[in-house]
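These notes concern the structure reproduced below.
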Amino acid sequence: MDDKTLIARRVALELKDGDLVNLGIGLPTMVAQYLPPGIDVSFQSENGIVGMQALPAGVSPSADLTDAGGAPIGALPGAFAFDSAMSFGLIRGGHLDITVLGGLQVDELGQLANWMVPGKMVPGMGGAMDLVSGAKRVIVAMTHTAKGAPKILKRCTLPLTSIRSVDLIVTEMAVIRTTPEGLVLSEVAPGVSVDQVLAATQAHLIVPDDVSVMAVAA
Amino acid sequence: MPGKIRSRDEIIAQFKDGQTVMCGGMHNHGTPNALIQCVIDSGARHLTVISIDSADANLTLGRLFHHRLVDKIITSYIGRNTEVVAMLEAGEIEVEFVPQGSLVERVRCGGAGLGGVLTKTGLGTVVEEGRQIVEVNGTGEKYLLETALRADIGLVRARMADPLGNLAYRGTMRNFNPLIATAADLTLVDADMLMDVDEIGIDRIGTPGVYVDMVLAK
């Protein structure tokens, strides 16, 4: 299993029946493929839909049914579309249970940086700042390191997406919870040791006695 | 008809150098493409554009940047438009980034007679720069003040329009469009279908005609 699939399968276990969920573009979108059986969630997209699904095979794409990245989607029975004001009201207003986003850096305060690299990549924040500031639960799904360099740091060096702490960090090496006391290593991936995680992490990690091995959705 | 239905030449005559133009659509979808062609044909330059993103290079809204008609864009995202990214790096365009939810609310305020809104989005990040931080009396809660935005001209895409300017939308094409319809001195509409009065239906109208000035004739 490649790293991204492992991360997506672990994140999928965080979704609870009845949740309203927003998945970011890229790796987070893969989470929808691995929903555990019996778990029924609704997916929201910032451009204004609740009840989206991947475009079903054999259904022709419509220009008037797309996700936030402009890719064609399908609408489940009961889906509804709305304008951008309602879409972000829903995000900021505490109606969105979970958002899953990619990350460039996360720090010991649980703060996420994921929208710009000054002088290199300045695409704009899109809806990321609203999602991280407003969703009830924020999950960062990202690779543990970038070209060998840790991405979980004492302090983010890149511009922050929000000062609000994220709730959970899922990487191909570990699951890390944010707590008032700091970052807690709660799970390691199969075949990965606690020491390997610590070596790949710049931030201080609290290591409880009972670090478990990461379970993943089928 | 005709009511608010106007010829292409009449619409083209509305555009002047230096105007601020708001445009609906998100990542090339729900974009008023026929009106964008009118802007290009008008020869107006040195425009300020307000939009959710800058679309893709030389596609939909992206054509305005390709033709070098825009001095400044107020937006949440330019990452997919390689031409705008290159223009920003070369200092050929000014880009003001606003979190997507805040941008939408600024436009809503502009159309609703409000001076601005208070939001947590962007608090403690680079978005704070140039913005007022407001502590609401007695609560200790801090917010960023996002001020109202209006434009000289609003470009709106709709599924249906009638001669009174009543509009109906379809699926995720609505996104920013209903907000823009409220916040410009002159609101222009590109509708897929022109309907007779009362044909859209009172419950199906998404933007009342009172907000609309001109509908592009077919």
Side-chain angles (χ1 to χ4, degrees), chain A residues 25 45-50 52 61-75 79-94 109 111-113 115-116 118-134 156 158-164, chain B residues 24-31 52-56 59-60 73 75-81 84-85 88-89 95-105 107-108 112 119-128 157 159 169-182 192 206-207:
Chain A
I25 290 169
S45 184
E46 298 96 289
N47 57 326
I49 185 168
V50 163
M52 62 182 271
S62 162
D64 301 331
L65 206 52
T66 57
D67 66 14
I73 54 171
F80 50 100
F82 38 85
D83 66 39
S84 301
M86 180 174 284
S87 195
F88 281 90
L90 197 149
I91 288 167
R92 286 186 315 261
L109 298 173
Q111 293 175 333
L112 169 69
W115 71 280
M116 81 178 281
K120 275 191 179 168
M121 180 193 87
V122 190
M125 68 291 279
M129 287 190 172
D130 299 282
L131 284 160
V132 177
S133 301
C156 289
L158 297 174
L160 295 178
T161 305
S162 174
I163 52 172
R164 175 249 174 108
Chain B
M26 188 162 168
H27 285 314
N28 308 309
H29 293 280
T31 310
I52 281 185
D53 58 61
S54 58
D56 286 3
L59 275 181
T60 67
I73 177 170
T75 188
S76 74
Y77 194 79
I78 62 166
R80 271 178 38 177
N81 190 323
V84 173
V85 170
L88 174 62
E89 283 168 4
V95 179
E96 180 183 335
F97 285 118
V98 183
Q100 196 168 123
S102 301
L103 180 63
V104 170
E105 282 301 306
V107 170
R108 190 183 66 80
T119 179
K120 295 272 190 197
T121 301
L123 201 64
T125 75
V126 296
V127 174
E128 269 189 10
R157 167 83 178 276
R159 178 64 176 168
Y169 302 97
R170 185 194 202 196
T172 51
M173 77 180 314
R174 76 194 71 200
N175 55 62
F176 209 3
N177 285 296
L179 289 311
I180 286 174
T182 67
D192 299 348
T207 291

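Everything numeric here is computed off the predicted structure, so don't read it as measured data. Every chain is numbered from 1 and lettered A, B, ... according to where its sequence line falls, protein lines coming before strand lines.
- A donor-acceptor contact shorter than 3.5 Å links the side chain of B:T182 to the backbone of B:L179.
- For a residue to count as touching a neighbouring chain, one of its non-hydrogen atoms must lie under 4.5 Å from one of that chain's; by this rule A:T66 touches chain B with backbone and side chain alike.
- Contact count against chain A (heavy-atom pairs under 4.5 Å) is highest for B:L123 among B:I52, B:V85, B:L123, B:N28.
- Among A:A63, A:A85, A:G126, the residue making the largest number of heavy-atom pairs under 4.5 Å with chain B is A:G126.
- For the pair B:R174 and A:D64, the salt-bridge criterion is not met [side-chain N within less than 4.0 Å of a carboxylate O].
- For A:S84, the parts lying near chain B are the backbone and the side chain together; criterion is any non-hydrogen pair under 4.5 Å.
- Heavy atoms of B:P99 lying under 4.5 Å from chain A belong to its backbone as well as its side chain.
- The existence of a salt bridge linking A:K120 and B:E89 is excluded, since no basic side-chain nitrogen approaches an acidic carboxylate oxygen closer than 4.0 Å.
- B:R159 contributes no side-chain N or O that, together with a main-chain N or O of B:Y169, makes up a donor-acceptor pair within less than 3.5 Å.
- With a threshold of 4.5 angstrom between heavy atoms, A:S45 does not approach chain B through any atom at all.
- Comparing A:G124, A:P123, A:G89, A:G48 by heavy-atom pairs within less than 4.5 Å of chain B, the highest count is held by A:P123.
- Ranked by heavy-atom pairs under 4.5 Å with chain B, the list A:D83, A:V132, A:L160 is led by A:D83.
- Judged by distance alone, the side chain of B:H29 and the main-chain N or O of A:G70 form a donor-acceptor pair under 3.5 Å.
- Put simply, the side chain of B:D56 never gets that close to the backbone of B:N81: no donor and acceptor are under 3.5 Å apart.
- Side-chain contact between B:L103 and B:F176 is present, with heavy atoms from C-beta onward closer than 4.5 Å.
- Interface summary for chain A: among B:K120, B:R108, B:Q100, the most heavy-atom pairs under 4.5 angstrom belong to B:Q100.
- Contacts of A:A113 with chain B are absent, with no heavy-atom separation under 4.5 Å from either backbone or side chain.
- Of the atoms belonging to B:I78, heavy atoms from both backbone and side chain fall under 4.5 Å from chain A.
- The parts of B:S102 that come within reach of chain A are both its backbone and its side chain, each placing non-hydrogen atoms under 4.5 angstrom from that chain.
- Taking chain B as the reference chain and counting heavy-atom pairs below 4.5 Å, the highest number among A:S62, A:A81, A:G127 is found for A:A81.
- Only the side chain of B:V127 comes within contact range of chain A, judged by heavy atoms closer than 4.5 Å.
- A distance-only check finds no donor-acceptor pair linking the side chain of B:E105 to the backbone of B:G101 [under 3.5 Å].
- Side-chain contact between A:M125 and B:F97: present, with at least one pair of heavy atoms (C-beta onward) separated by less than 4.5 Å.
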